[in-house]
Asker: 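Pasting a structure below so you can have a look.
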Amino acid sequence: MSEATADVRDAQLAERKRVAAATVDTHRDALIALSHRIHENPELGFEEHQASAWAAEYLQNEGFAVELGVGKLPTAFRAELRTGPAGGPTIAILAEYDALAGLGHACGHNVICTSALGAAVAAARALDGLPARIVCIGTPAEETGGGKIILIENGLFDDVDAAMMVHPGTEHLMVRGALACITLTVRFHGKSAHAAGAPERGVNALDALVTMYNSIGLLRQHVKDDVRIHGIFTKAGDAPNVVPHLTEAVYYVRARSHTYVREVLEKVVACADAGARATGCTMEYRTDRMYRERRNNHAMAALYQQNLESFGEHASQPPTHGGVGSSDIGNVSLVCPTIHPYVAMAPLGTAGHSPEFREAARGEAGDRALVLAAKCMAMTVVDLAADPSRLAAAKAEFAAAQQAEAAE
Ligand SMILES: [Zn+2]
Ligand SMILES: [Zn+2]
């Protein structure tokens, strides 16, 4: 490409980004109002009927073709708008809107949802005339049910070339690690008997549980540093004078890779088996869908960072270790190039899932974060859709990472 052509391309790109940011400003008041409305009406995972309907309605009013209840999930939606002639890439912007039991929107998903709506509307406007599809996917139950995993299983990401969402946090972070995580539920069945009068006739399911708990404690010495195993007893007996016949524990097993989670999971199940054998109980267990590790797309993250910096904002260095949780965005990041940056909202040091974080999510800081995140995402969509070489770079990085993992 000649210098002159590159200059023209850059000028066109800059103009489209200006339109993107200006469109978010036009929607500012409406997005903030909806953010507060969702915040004031918190709904738990898979029960986000109001939030998903409000979000879908917002996009429908902006000309998107909207389908509610996609992927066998009543509170999921898919909204699509074609910006020009057929062809071109499909870029997905993801909206979460579930709240936390007892805490409301203490993870700020009202900000995630409304920034996604703003970004989708603004990107669609900015790309007018170019071949591209802007898709906004409403993804339920991030906190508890792994809605995105179910949507992937049901094909919602099959046609997506790149995906993004922004999560509120305490600083601007472009990439961050996340652990793969699986939930294990173990049940022991024994036999109840009078704990003093006829203990020899009982089979103690609490002893099985405690043996498992202690065995897992011993296992910790022999796993890699990045492993987290943590659980609670959810059933541990009914009365001290009755030998417990039914007990249950729920554990999370996490590690940096899903393959290692599977390996550790097998050992944890063996600990449960040890409890059953030692006490004469029977044991059954089940595992839920696995939240996968996060594969950050650095090419996309660099574009997002440039757009963030164009507003005079500053990206922090990602933490080198620790302080990471798990999210179903990890699963998305393994099926298409994905970013999940964090936008500064609460003061540094504020814990997520806390009342302080919840208050920030509906205050001025939350409003500011949602507007900034919407602009940066919309501009990043413009980068990817208006300049094929940028999307190609993101896809090449994704393919290389996939290949490297397959070779491991
Ligand atoms: Zn959360
Ligand atoms: Zn969250």
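The first residue of the sequence shown is numbered 1, and numbering continues consecutively from there. Read the numbers this way: they start at 1 and go in the same order the structure lists the ligands and their atoms.
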Asker: Within the 4.5 Å heavy-atom criterion, are Glu284 and His189 side-chain neighbours or not?
Answerer: yes

Asker: Flag the pair Asp159 and Arg133 as a salt bridge only when some basic side-chain nitrogen lies within less than 4.0 angstrom of an acidic carboxylate oxygen.
Answerer: yes

Asker: Using a cut-off of 2.8 Å, find all protein N, O or S atoms closer to the Zn ion (ligand 2) than that distance.
Answerer: Cys107 SG, His109 NE2, His167 NE2

Asker: Which ring-ring contact (aromatic ring centres under 6.0 Å, His included) pairs, counting each pair once, include a residue from residues 232-269, with sequence neighbours left out?
Answerer: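 Only Tyr213-Phe233, His230-Tyr252 qualify under ring-ring contact (aromatic ring centres under 6.0 Å, His included).
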
Asker: Apply ring pair (Phe, Tyr, Trp, His ring centres under 6.0 Å) to Tyr97 and list each qualifying residue two or more places apart in sequence or on a separate chain.
Answerer: none

Asker: Sequence neighbours excluded, which residues qualify as ring pair (Phe, Tyr, Trp, His ring centres under 6.0 Å) partners of His340?
Answerer: His167, Tyr342

Asker: Are any of the side-chain nitrogens in Asp383 or Lys17 under 4.0 Å away from the carboxylate oxygens of its partner?
Answerer: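 Result for this pair is yes, salt bridge flagged.
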
